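Chain letters run A, B, ... following the sequence lines, proteins first, then strands; residues in each count from 1. This is a predicted model, so every value here is computed, not measured.
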2 protein chains.
Amino acid sequence: MGNRPTIADIAKRVGVSPGAVSFALNGRPGVSEQTRARIVEVAREMNWRPHRAARALGGSQAGAVGLVLARDPHTLGSEQFYTQVLYGMQETLSARSFAVQMQLVRDTTAEIALYRDWSSEHRVDGLVLVDLQVDDPRLTVIDELNIPAVTLGPRLDGALPSVWADDSEAMITIVDYLAALGHRHIAHVAGPPVYRHTAQRMAALRDHAISRGLDVGVSVPTDFSDAQGAAATRTLLSRRDPPSAIIYDSDLMAAAGLGVALELGVRVPHELSIVSFDDSVLTRIVHPQLTCLSRDTYALGAQVAEVLLKAIADPSARQSVQSETPKLVVRGSTARAATQR
Amino acid sequence: MGNRPTIADIAKRVGVSPGAVSFALNGRPGVSEQTRARIVEVAREMNWRPHRAARALGGSQAGAVGLVLARDPHTLGSEQFYTQVLYGMQETLSARSFAVQMQLVRDTTAEIALYRDWSSEHRVDGLVLVDLQVDDPRLTVIDELNIPAVTLGPRLDGALPSVWADDSEAMITIVDYLAALGHRHIAHVAGPPVYRHTAQRMAALRDHAISRGLDVGVSVPTDFSDAQGAAATRTLLSRRDPPSAIIYDSDLMAAAGLGVALELGVRVPHELSIVSFDDSVLTRIVHPQLTCLSRDTYALGAQVAEVLLKAIADPSARQSVQSETPKLVVRGSTARAATQR
DNA sequence: GTCGGCTTCTAAACCGCTATAGCTCTTGGG
DNA sequence: CCCAAGAGCTATAGCGGTTTAGAAGCCGAC
């Protein structure tokens with residue numbers, strides 16, 4: 001309810017027209033340097049801040065970008081990954097006084113509905129799409145809504161600018177590392193195969209295992225929950241021919257898998273090596289600590305923000321930048337494969 | 001860039017004035033039921049959505065509430081708690097087409113600066129304050145900005161409406177439970193004592209231990225990080241007279257503490273019982289699973305949203321509601337105290 | 001038949017800022 | 001000395017809603 005000063009108040013104080021004040025405060029030509037200095041000074045004195053809605057109404061921007069996470073409420077909240085990305089985005093965006101409209105929804109349908117709402121209400125100037133699916137219904141909608149957007153995930157040779165990582169290469173890094181330790185039978189507890197990055201990892205494991213002459217690399221799909229991660233592990237370990245190493249698509253599932261191994265009396269890392277595709281505190285509080293792929297998620301968020309801002313400024317320029325490839329951090333959960341039983 | 005229909009377009013189609021359309025669509029008197037029906041129908045047909053900025057400018061609301069989490073970037077992202085609260089808030093708020101402006105910042109100073117920005121830019125209609133401090137500088141600012149706000153945390157007999165939980169009672173529940181198991185020496189790995197809830201828990205442990213005739217209940221303050229949680233545990237366990245039970249203010253620290261116990265060869269729960277003040281997946285993926293206080297955080301978020309909406313609608317009515325008291329969920333990390341050594 | 005009062009609607013101002021057209025004054029060229 | 005060009009400003013029209021004052025039509029009452 002505070003009586004915020006408006007541009008008109010400043011104009012009155014300085015003795016110029018509101019238009020002049022607008023010019024001055026937005027750093028555009030039309031006022032002398034002298035007048036500009038005076039206006040800027042008074043504006044600061046009066047503690048003036050632009051009224052977002054008024055600006056947005058003047059045909060221009062809402063000053064916000066949207067990020068929607070579609071998650072089963074139960075699986076929710078464990079992802080340090082997106083929290084960090086969000087943090088990186090916010091630090092970059094708030095410097096340009098953009099806000100991030102983040103919302104958690106149940107599924108992709110709700111996500112799409114939200115995009116439509118936000119777009120028609122002019123709530124956001126751009127969107128960040130994460131968790132790309134193999135045949136992603138969101139892409140059509142984005143196209144239809146004609147709103148700037150950037151994808152975060154695997155490479156997407158299509159319409160949208162993106163910040164992408166090479167999931168195949170990441171998988172190959174892990175497989176090579178495990179192969180060098182003598183592992184020949186490597187399994188993979190994957191996410192849902194509808195996700196592009198999951199599909200890519202599965203394919204990479206299969207292909208690379210073949211080309212390196214290893215046993216066929218089996219991927220078990222899950223819903224990313226700790227329960228299914230545990231179940232998948234149980235299944236794999238009770239096979240006649242259990243793997244000597246398991247790669248997990250998330251650190252939560254890796255931790256759950258570790259628990260199952262302990263429970264079954266399978267010693268980690270001596271009898272089973274575990275690698276997680278994600279890094280977070282979780283990998284460091286379990287015992288043994290988990291070997292995993294790690295990357296600077298904060299920087300990733302900042303990168304996403306940059307690309308999105310460019311896309312907003314110039315929707316025709318659709319650049320794609322590659323993000324830093326995750327690096328393998330070796331901890332206690334991996335070791336040389338036990339000699340063949 | 002989509003050419004969204006405006007109220008004027010609808011007015012033209014129906015053959016009435018824009019004002020009438022506004023009345024009709026906002027369900028206020030001034031139009032006949034017949035006309036209203038026609039207008040609503042055409043609006044739906046044309047897929048009309050209010051332009052947020054225009055609404056906000058017309059003197060009324062921004063249609064958003066703010067939630068800021070002040071966190072050290074390193075400690076960040078493990079809190080399933082706030083993610084769930086956020087989810088509960090969003091489900092309730094989006095039904096009334098309010099958005100949640102969530103932002104992560106480094107510290108309270110940045111948080112306050114953000115409140116000022118949001119308020120002066122008219123970005124939010126209300127705020128949710130979490131992590132209340134003993135002498136909280138935010139309260140003055142909220143008062144000064146004269147913006148509706150609700151606090152989430154311990155009871156606060158002051159100006160602001162709140163959704164509060166009784167941390168003392170929660171602590172007493174735990175202590176009673178442990179005492180019944182025969183534990184006489186109970187320690188507490190706390191958060192930073194600047195937080196009211198931490199201070200309250202510390203006081204409750206101390207007082208209640210005395211009144212129940214137990215050994216003095218020591219609280220070790222930390223910064224909520226896994227590292228300090230581990231360090232505190234190490235300190236406690238290497239005392240001449242180690243506690244037989246430790247209560248942790250967060251599940252992350254509890255998990256870290258569990259790791260330390262294992263490492264030191266202290267068997268959980270036989271030689272050491274562990275209780276966490278928070279519940280999340282984390283408590284279920286470690287071994288043994290952690291006994292903890294659990295509550296419906298989703299419902300809590302919904303409750304916060306309700307109270308905030310009421311405060312926005314009528315800033316003079318400052319109600320406070322008590323949230324459900326957390327319930328103790330017994331899992332594998334607690335057991336009868338070993339007989340005195 | 002006139003008047004008050006109700007319902008139902010219109011016209012117009014307004015929210016705070018941006019953007020454009022145009023006005024005034026100076027300056028320099030021919 | 002006049003005109004064109006440019007700098008520096010003002011006036012004004014939006015943006016898409018909300019909100020108020022008031023007009024028109026209809027009713028019943030006196």
Side-chain angles (χ1 to χ4, degrees), chain A residues 1-40 42-43 46-64 97 117-123 125, chain B residues 1-40 42-43 46-64 97 117-123 125:
Chain A
M1 210 115 295
N3 256 5
R4 318 174 326 98
T6 71
I7 265 193
D9 298 330
I10 299 177
K12 213 171 293 170
R13 265 279 279 282
V14 179
V16 293
S17 73
V21 176
S22 176
F23 289 147
L25 294 173
N26 291 306
R28 58 178 65 210
V31 284
S32 66
E33 276 316 312
Q34 211 175 358
T35 315
R36 181 189 307 276
R38 176 100 188 88
I39 290 172
V40 168
V42 171
M46 300 179 75
N47 201 24
W48 175 87
R49 280 326 207 64
H51 191 303
R52 269 282 138 204
R55 266 208 177 150
L57 195 51
S60 57
Q61 297 177 340
S97 79
D117 283 3
W118 281 354
S119 166
S120 59
E121 292 187 354
H122 271 153
R123 266 217 147 105
D125 301 313
Chain B
M1 212 117 291
N3 257 7
R4 317 173 328 96
T6 73
I7 265 194
D9 297 330
I10 300 178
K12 212 171 294 171
R13 265 279 279 281
V14 179
V16 294
S17 73
V21 176
S22 176
F23 289 148
L25 294 173
N26 291 306
R28 58 176 65 209
V31 284
S32 66
E33 277 316 311
Q34 209 174 0
T35 316
R36 181 190 306 277
R38 175 98 188 89
I39 289 173
V40 169
V42 170
M46 300 180 76
N47 201 23
W48 176 85
R49 280 328 206 60
H51 191 302
R52 269 283 139 204
R55 266 207 176 149
L57 193 50
S60 58
Q61 298 177 338
S97 79
D117 283 4
W118 281 354
S119 166
S120 58
E121 292 186 353
H122 271 156
R123 265 215 146 106
D125 302 313

Practice item. Let me know, please, whether A:Phe23 or A:Ile7 comes out on the 5' side of the other along DNA chain C by nearest nucleotide. Key: A:Ile7
Exercise for review: Check whether any side-chain N or O of A:Arg55 sits under 4.0 Å from OP1 or OP2 of C:dT18, and answer yes or no.
Suggested key: yes
Exercise for review: Specify the separation, in whole Å, of atom CD of B:Glu33 and atom C1' of C:dT7.
Suggested key: 13 Å
Point to revise | Straight-line distance of A:Gln61 CD to A:Ser97 OG, nearest 0.5 Å | key: 9.5 Å
Point to revise | Nucleotide C:dC9, atom C1' - distance to CD of B:Gln34 in whole Å | key: 14 Å
**Study point:** Any residue of residues 8-22 of chain B with a heavy atom less than 4.0 Å from an atom of DNA chain D
**Key:** B:Gly19, B:Ser22
Check your understanding: Whole-Å distance between C:dG16 C1' and B:Arg123 CZ?
Key -> 15 Å
Practice item. Using a 4.0 Å heavy-atom cut-off across all strands, classify A:Arg49 as base, sugar-phosphate, or nothing. Key: sugar-phosphate
Review point. OP1 or OP2 of D:dG16 sitting under 4.0 Å from any side-chain N/O of B:Trp48?
Key: no
Practice item. Pick base, sugar-phosphate or nothing for B:Arg28, based on heavy-atom distances below 4.0 Å to the nucleic acid. Key: sugar-phosphate
Exercise for review: Report yes if at least one side-chain N or O of B:Ser32 is closer than 4.0 Å to OP1 or OP2 of C:dT7; otherwise report no.
Suggested key: no
Point to revise | Rounded distance [0.5 Å steps], CD1 in B:Ile39 versus CD1 in B:Ile10 | key: 8.5 Å
Check your understanding: Partners of A:Arg36 by side-chain contact (heavy atoms from CB on, under 4.5 Å), sequence neighbours excluded?
Key -> A:Ala24, A:Val31, A:Glu33, A:Val40
Review point. Taking atom P of D:dG16 as reference, at what distance in whole Å does atom CG of B:Asn26 sit?
Key: 17 Å
Review point. Between OG of A:Ser22 and CZ of A:Arg55, what distance do you get to the nearest 0.5 Å?
Key: 7.5 Å
Revision key, fill the gap. In whole angstroms, the gap separating C1' of C:dG16 from NE2 of B:His122 amounts to 10 Å
Check your understanding: Has A:Thr35 got a side-chain N or O lying under 4.0 Å from the OP1 or OP2 atom of D:dC9?
Key -> yes
Practice item. Name the nucleic acid region contacted by B:Pro29, choosing base, sugar-phosphate or nothing; use a 4.0 angstrom heavy-atom cut-off, strictly under. Key: nothing
Review point. Measuring from B:His122:NE2 to B:Leu57:CG, what's the distance to the nearest 0.5 Å?
Key: 10.0 Å
Review point. Hey, is the main chain of B:Arg52 close enough, under 3.5 Å, to the side chain of A:Arg123 for a donor-acceptor pair?
Key: no
Check your understanding: Can you check the A:Ile39 CD1 to D:dT10 C1' distance for me, whole Å?
Key -> 12 Å
Check your understanding: Which residue pairs satisfy the salt bridge (charged side-chain N to carboxylate O under 4.0 Å, His left out) criterion with at least one member in residues 9-32 of chain B, sequence neighbours excluded?
Key -> B:Arg13-B:Glu45
**Study point:** d(CZ, B:Arg52; P, D:dG17) in whole Å
**Key:** 11 Å
Practice item. Could you please name the option among C:dC9, C:dG16, C:dT18 that lies closest to any side-chain atom of B:Leu57? Key: C:dG16
